[in-house]
Amino acid sequence: MNIFRLAGDMTHLMSVLVLLLKIHTIKSCAGISLKTQELYALVFATRYLDIFTDFISVYNTIMKLIFLGSSFSIVWYMRRHKLVRRSYDKEQDTFRHFFLVLPCLLLALVMNEKFTFKEVMWAFSLYLEAVAILPQLVLLQRTKNIDNLTGQYVFLLGAYRAFYIFNWIYRYFTEPHYVHWITWISGLVQTLLYADFFYYYFNSWKNNVKLHLPA
Amino acid sequence: SPGIIEHDEL
C-alpha cells in the first residue's frame, strides 16, 4: 500500500459516503443519475466476486463490503424511498444502461487476463467503471443547477481516478512484476472522461462562482 | 501461486 493508493481509496470512499449522506440527510437525490448509480452497483457486484474466496487483507475485505453496501443503499434510496424517489430527475436521466453494458461485456469476453468467469467479470467491471459516469455527466449538462454536494461528488470521483494513476506509476517502478494493461488503459479512459468536468469545476472554484456547465 | 491472478486493488 502506497500513499497514492490510500489517497485514491479514501477519495473514492468519501465520494460514495458524501452522496449517501446527502441523500439520507436531505432526503433528495436531485441532480444524481440513477443510471450511473445502478451501473456502479453492477461494477462492484461483478468485481468483488472474489470477496469470500480470495483473501487479500482485512482492509480490502472491509472496503469491498463498504462499497457494495453503500452503492446498493444509494440505488435502494433512489428507487424505493418514498421521499427520495420523488426528487429524482427521471425525465432528464435518459441514458440507456444497455448501450454501455453490452459493449463492455463483449469487450470483456475478448479482452481478459484469463478466460474464466471471474476474470471475464473482473475485466467487465473495469470497462464498465470507465464509462459508468457518462449518464451522470449527461445529467449534469442538462440540469441547470448543480448543487455543491453533487459537484463535490464528481470531484471526489475524479480525484480517486487521478490518485490511482499515480499509484500505478509508483507500483510500476517499485514492483518488478506489476503490469496490468487492462486496468491501466480502462483507468486512463475513465480519468479522461472527467477532464472536461474538472476544467469547469476548477474555473468555478477559482472565480468563486456557482458551477455551471456549458450547453 | 502460479495461474492465479491477484487483484489486490479495489
Side-chain angles (χ1 to χ4, degrees), chain A residues 1-2 4-6 8-13 16 40 43-44 46-51 53-57 59-68 71 112-116 118-123 125-126 129 160 163-165 167-168 170-171 175 177-184 186-187, chain B:
Chain A
M1 175 78 80
N2 60 66
F4 304 113
R5 158 82 196 278
L6 185 65
D9 285 349
M10 289 305 117
T11 43
H12 195 189
L13 184 66
V16 182
Y40 279 139
V43 163
F44 291 131
T46 50
R47 185 173 308 164
Y48 299 157
L49 287 173
D50 64 353
I51 187 165
T53 56
D54 303 346
F55 179 76
I56 311 259
S57 65
Y59 171 83
N60 259 50
T61 305
I62 291 174
M63 291 291 276
K64 284 173 177 175
L65 288 171
I66 295 174
F67 283 133
L68 282 168
S71 63
N112 49 65
E113 289 195 31
K114 203 176 169 192
F115 196 71
T116 61
K118 246 161 67 173
E119 283 306 314
V120 170
M121 286 296 104
W122 182 81
S125 81
L126 285 177
E129 187 189 355
Y160 144 62
F163 281 126
Y164 253 71
I165 287 180
N167 158 57
W168 296 329
Y170 180 86
R171 293 187 74 173
E175 296 172 36
H177 304 294
Y178 184 74
V179 180
H180 286 297
W181 289 112
I182 292 177
T183 312
W184 296 350
S186 54
Chain B
S1 52
I4 293 171
I5 302 144
E6 191 178 84
H7 302 303
D8 63 353
E9 287 172 355
L10 299 160

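As a basis for the values below, the full set of heavy atoms in this structure was taken, side chains included, without hydrogen atoms, waters or symmetry mates. Nothing here was measured: the structure is a model prediction, and the numbers come from that model. In what follows, every chain begins at residue 1, and chains take the letters A, B, ... in the order their sequences are listed.
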* Would you call the rings of B/His7 and A/Trp122 parallel, tilted or perpendicular, where under 30° means parallel and over 60° means perpendicular? -> parallel

* Which atom pair, heavy atoms only, marks the closest approach of A/Asn60 to B/Asp8? -> ND2-O, 3.3 Å

* **Contacts of A/His12 that satisfy ring pair (Phe, Tyr, Trp, His ring centres under 6.0 Å) - sequence neighbours left out** => A/Phe44, A/Phe67, A/Tyr160

* Asked: Does a side-chain heavy-atom distance below 4.5 Å link A/Arg5 with B/Leu10?
  -> yes

* So does A/Phe55 have more than 12 non-hydrogen atoms from other groups sitting under 6.0 Å from CZ? -> yes

* Under a 4.5 Å heavy-atom cut-off, does chain B meet the side chain of A/Tyr59, its backbone, both or neither? -> side chain

